[in-house]
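On a predicted model such as this, the values are computed, not experimentally measured, just so you know. In what follows, every chain begins at residue 1, and chains take the letters A, B, ... in the order their sequences are listed.
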Amino acid sequence: AQSVAQPEDQVNVAEGNPLTVKCTYSVSGNPYLFWYVQYPNRGLQFLLKYITGDNLVKGSYGFEAEFNKSQTSFHLKKPSALVSDSALYFCAVSFVGGTALIFGKGTTLSVSS
Amino acid sequence: DAGVIQSPRHEVTEMGQEVTLRCKPISGHNSLFWYRQTMMRGLELLIYFNNNVPIDDSGMPEDRFSAKMPNASFSTLKIQPSEPRDSAVYFCASSLSAGDMYNEQFFGPGTRLTVL
């Protein structure tokens with residue numbers, strides 16, 4: 001079965017420190033991987049995606065993610081966190097021939113000043 | 001473009017009443033998705049339309065839920081009769097799709113439904 005896991009419900013970091021939000025997946029075949037962010041009382045916003053090519057993907061607001069096929073992971077990273085990065089982050093996966101985007105349960109990122 | 005538009009933004013109704021949620025996708029997008037978000041179950045796909053045709057409705061909870069897309073610029077999600085357990089935030093999203101799900105989806109602001 002196709003699935004995506006975000007093992008941490010919450011990640012806490014201090015402003016200025018690097019942040020990582022973890023995501024692992026399980027799909028048949030080659031995956032399409034996405035990160036979305038949701039601010040309070042708002043819809044999800046697209047951050048970045050991996051379809052093919054370079055394993056390091058850069059996205060909005062200074063975020064990046066690295067596709068690791070051997071570890072079936074797609075962790076979200078940022079070199080220096082901002083308080084304004086505090087939000088709910090979703091990893092999502094689809095695959096060739098798939099008809100749905102499968103979302104993880106989300107990780108709440110809290111950046112303290 | 002105004003993005004995905006949903007209405008109403010908030011809906012409070014009593015158990016047993018009919019509820020209709022509305023969505024206008026981004027112009028030019030040919031795929032439309034309805035999701036439901038709750039604390040307990042997270043984000044769930046309810047139904048997916050491609051070129052106005054329902055492709056996957058396996059996430060629709062039960063017969064009380066129905067969705068239509070009469071044209072490329074409008075979709076509705078109806079719950080009849082509504083129950084308290086339907087209380088959730090309902091999102092509509094759209095994308096430009098050639099079949100595979102490799103294009104990002106654009107989400108509307110959501111409708112917060114409360115069924116008393």
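With a 4.5 Å cut-off on non-hydrogen atoms, A:Ile51 touches chain B through its side chain but not through its backbone. With a 4.5 angstrom heavy-atom cutoff, A:Leu88 touches chain B only via side-chain atoms. Of the atoms belonging to B:Arg41, it is backbone heavy atoms, and not side-chain ones, that fall under 4.5 Å from chain A. Using a 4.5 Å cut-off between heavy atoms, A:Gln38 contacts chain B through its side chain alone, with no backbone atom that close.
Under the 4.5 Å side-chain heavy-atom criterion for Ile, Leu, Val, Met, Phe, Trp and Tyr, B:Phe49 and B:Ile79 are members of the same hydrophobic cluster. At a threshold of 4.5 Å between side-chain heavy atoms, the hydrophobic network of Ile, Leu, Val, Met, Phe, Trp and Tyr places A:Leu47 and A:Val111 in one connected group. A:Leu109 and B:Leu43 fall into different hydrophobic clusters, where Ile, Leu, Val, Met, Phe, Trp and Tyr side chains are chained together by heavy-atom contacts under 4.5 Å. Under a hydrophobic-cluster definition in which Ile, Leu, Val, Met, Phe, Trp and Tyr are linked whenever side-chain heavy atoms come within less than 4.5 Å, directly or via other members, B:Phe106 and A:Leu48 are assigned to different clusters. Hydrophobic clustering (side-chain heavy atoms under 4.5 Å, transitive across Ile, Leu, Val, Met, Phe, Trp, Tyr) keeps B:Met60 apart from B:Val89.
The shortest non-hydrogen separation linking B:Glu104 to A:Lys49 is OE1-NZ, 2.9 Å. Nearest heavy atom pair, residue B:Arg112 against residue A:Asn41, reads NH2-OD1, 3.5 Å. Here the closest non-hydrogen pair linking B:Gln37 and A:Phe90 is NE2-CZ, 3.5 Å.
Other residues, nucleotides and ligands contribute at most 12 non-hydrogen atoms within 6.0 Å of the CG atom of B:Asp63. No more than 12 heavy-atom neighbours from other residues, nucleotides or ligands sit within 6.0 angstrom of CD on B:Glu14.
Here the straight-line distance linking atom CG of B:Leu45 with atom CD1 of A:Ile102 works out to 9.5 Å at 0.5 Å rounding. The NZ atom of A:Lys105 sits 11.5 Å away from the CE atom of B:Met39 when rounded to the nearest 0.5 Å. Between atom CG of residue A:Leu101 and atom OH of residue B:Tyr48 there is a gap of 11.0 Å, rounded to the nearest 0.5 Å.
Looking only at heavy-atom pairs under 4.5 Å with chain B, the residue among A:Ala92, A:Ala100, A:Gly106 that has the most is A:Ala100.
For the pairing with A:Phe103, the ring pair (Phe, Tyr, Trp, His ring centres under 6.0 Å) check across B:Phe91, B:Tyr35, B:Phe33 returns one residue only, B:Tyr35.
Checked against a 6.0 Å centroid threshold, the rings of A:Tyr36 and B:Phe107 count as neighbours.
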Discussion item. If you apply the rule side-chain contact (heavy atoms from CB on, under 4.5 Å), what do you find for B:Asn103 with A:Phe34, and how did you get there?
Written reply: CA-CA 9 Å; B:Asn103 283 331; A:Phe34 301 79; over 6 Å; no
